[in-house]
Enquirer: 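Handing you a structure now.
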There are 2 protein chains.
Amino acid sequence: MKKTELFDTLRWQILQLDIEPGSALDEVSLCEAHNVSRTPLREVLHRLAGEGFVRIEPNRGASVSSMDITTMRNFFQTAPMIYASIARLAAENANPAKISTLRDIQRDFRLAVEAGHPRDMAISNHKLHETIGDMADSPYLSPSLQRLLIDHTRMSQTFYAARNKDERTRIMTACEQHDDMIDAFEARDPSRAVTLTLDHWALSRDRMDLYVRPDPLPVNPEVRDAV
Amino acid sequence: MKKTELFDTLRWQILQLDIEPGSALDEVSLCEAHNVSRTPLREVLHRLAGEGFVRIEPNRGASVSSMDITTMRNFFQTAPMIYASIARLAAENANPAKISTLRDIQRDFRLAVEAGHPRDMAISNHKLHETIGDMADSPYLSPSLQRLLIDHTRMSQTFYAARNKDERTRIMTACEQHDDMIDAFEARDPSRAVTLTLDHWALSRDRMDLYVRPDPLPVNPEVRDAV
DNA sequence: CGCGATAAAATTGTGTACAATATGTATTTT
DNA sequence: AAAATACATATTGTACACAATTTTATCGCG
């Protein structure tokens, strides 16, 4: 397997929670698993570290970036601002090629929703928001967007693994919102794009709360205090 | 030289424009210069790439991130928002240890100003804003702050290389603003911290414009078109 | 002289061996 | 039995050799 593939593979494995947050990454086992030597693997790990997927402690190897409660608080604080700014820029910078890409991704997303495949939903959703970030074309904002999306996608696994009818309805709503957002980008309507984006955020935020505080809440007082 | 040192060395060389933006980085010459083999050097380059200091094109090596006019436009658009948000969080999360660090760095900055050492000013200024970012303690905002600071520090070389009295006065003002900002952080006054930060931004912005559009403007029409 | 193909040189990418460091275990000491 | 030490093992870090690729130089041809 080539290095670029390896990078993408590990990236997606992390995003899809195939590799648990916080878990240690053993170099030799990864090498055997992906059929590369340690030299390119380590280079990939260093890049992943630079982009926030992984944490490298000198002489102690790499581990997947963790998602603890304190960072979650920051997440909910920061996400709406970044998403809104990105949306604004994306609407200002919209071009037909990127809009077309967005439509393609959104088609995949809708198919995944109709087929009820949580993994594919999460993947398409990530790609969609990543592409919006590309369209915004802001080298200064996209680092934060990328960092947000890492944790957003990991958390959204819960969101898309819909169990009851209400949750499935929410996913349908999110799907419609995507279409509306793309329409707003295409129409180059920044303020509408921002509004729709914030609505979209609010919808997924309500569900992601459950990731941090799983439903039903544990009644164990010790656990509550720890949180 | 160890790998962590090498990382910092290259980082500062890029930030201080010792290595020109856009210039190619030859692996073997860097190895000889810093007395390491290519393996650790390449790992460092990959990490620098992940953090936005460097750009790696497969099979074509690494080059220092460039600063063209289009990215500059994004810079001025994005910077105030990120700086303000970071300032707010820094004021909310202020703790004595970090405040003390800030005071130390600011002391260095003032010394550099009084001694008239542009390089040291730029370094201290970078460290100061980086530490404010640490204090804000937001894993989602700091990637963008870091990316902004890369270009801000590189541009500020112009700012600190003061030639006339007016420019030196501006630097003095910036120095005072640093103190006021740290006071606001220490007092845990978010809104004041944000206001002061935006003032500080406005001051340096006015000077950095000159970097993008050097004074006096070239009247050559070909150059204008190319830009 | 310009253009394209081909060969040589230089540069980047990968595999492997070995060194340095950290971790785990057994033994000794109190 | 607990703590400390020394040793063995496992893991990470680095150097180097070679493979793959790109860049440069050379040559032939119209």
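Throughout, a chain's letter reflects where its sequence line sits, starting with A, and its residues are numbered from 1. Side-chain atoms are counted along with the backbone in the values below, which use heavy atoms only and exclude waters and symmetry mates. These numbers come from a predicted model, not from an experiment.
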Enquirer: Using a 4.0 Å cut-off to any heavy atom of chain A, which nucleotides of DNA chain C are the first and last in contact, reading 5' to 3'?
Expert: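 Footprint of chain A along DNA chain C, 5' to 3': C:dT14 to C:dT23.
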Enquirer: For nucleotides 17-23 of chain D, read 5' to 3', which letter fits each nucleotide if B means a protein heavy atom sits under 4.0 Å from the base, S means only the sugar-phosphate is that close, and - means neither?
Expert: ----SSS
Enquirer: What I want to check is whether the side chains of B:Asp68 and B:Thr71 have a donor and an acceptor closer together than 3.5 Å.
Expert: yes
Enquirer: Please walk me through it: do B:Glu27 and B:Arg60 pass salt bridge (charged side-chain N to carboxylate O under 4.0 Å, His left out)?
Expert: CA-CA 11 Å; B:Glu27 294 182 0; B:Arg60 256 177 238 186; over 6 Å; no
Enquirer: Rounding to an integer number of Å, can you tell me how far B:Leu45 CG sits from D:dT14 P?
Expert: 14 Å
Enquirer: Between P on D:dG13 and CD on A:Glu57, what's the gap in Å once rounded to a whole number?
Expert: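 The distance from CD of A:Glu57 to P of D:dG13 comes to 11 Å, rounded to the nearest Å.
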Enquirer: For A:Glu27 and D:dG13, give me the distance from atom CD to atom P, rounded to whole Å.
Expert: 6 Å
Enquirer: Within this structure, what is the CD-to-P distance between A:Glu32 and D:dA10, rounded to whole angstrom?
Expert: 14 Å
Enquirer: Got a sec, which pairs hit ring-ring contact (aromatic ring centres under 6.0 Å, His included) with one end in residues 4-59 of chain B, sequence neighbours left out?
Expert: B:Trp12-B:His126
Enquirer: Please say whether more than 12 non-hydrogen atoms of neighbouring residues, nucleotides or ligands are located less than 6.0 Å from CZ in B:Arg103.
Expert: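 For B:Arg103, atom CZ is crowded (more than 12 foreign heavy atoms under 6.0 Å).
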Enquirer: Report which part of the nucleic acid B:Val28 touches: base, sugar-phosphate, or nothing (heavy-atom distance under 4.0 Å, all strands).
Expert: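 Counting heavy atoms under 4.0 Å across all strands, no contact is made by B:Val28.
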Enquirer: Begin with the C-alpha distance, continue with both residues' side-chain angles, and end with the deciding distance and a verdict on salt bridge (charged side-chain N to carboxylate O under 4.0 Å, His left out) for A:Glu130 and A:Arg11.
Expert: CA-CA 13 Å; A:Glu130 203 173 33; A:Arg11 197 166 160 272; 2.3 Å; yes
Enquirer: Would you call the rings of B:Phe109 and B:Tyr160 parallel, tilted or perpendicular if under 30° counts as parallel and over 60° as perpendicular?
Expert: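 Plane angle over 60°, so perpendicular.
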Enquirer: Find the distance B:Arg42:CZ to D:dG13:P and express it as a whole number of Å.
Expert: 17 Å
Enquirer: Hey, are B:Arg55 and B:Glu57 close enough for a salt bridge, meaning a charged N less than 4.0 Å from a carboxylate O?
Expert: yes
Enquirer: When rounded to the nearest 0.5 angstrom, what distance separates CE in A:Met121 from CZ in A:Arg110?
Expert: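 Separation between the atoms: 12.0 Å.
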Enquirer: Under 3.5 Å, is there a donor-acceptor pair between the A:His152 and A:Asn125 side chains?
Expert: no
Enquirer: Which residues within residues 6-14 of chain B lie with some heavy atom under 4.0 Å of an atom in DNA chain D?
Expert: none
Enquirer: Would you please name every residue forming a salt bridge (Lys or Arg N to Asp or Glu O under 4.0 Å) with B:Asp8, sequence neighbours left out?
Expert: none
Enquirer: Please identify each residue that fulfils ring pair (Phe, Tyr, Trp, His ring centres under 6.0 Å) with B:Tyr140, with sequence neighbours left out.
Expert: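 Per chain and number, B:Tyr140 pairs via ring pair (Phe, Tyr, Trp, His ring centres under 6.0 Å) with A:Phe75.
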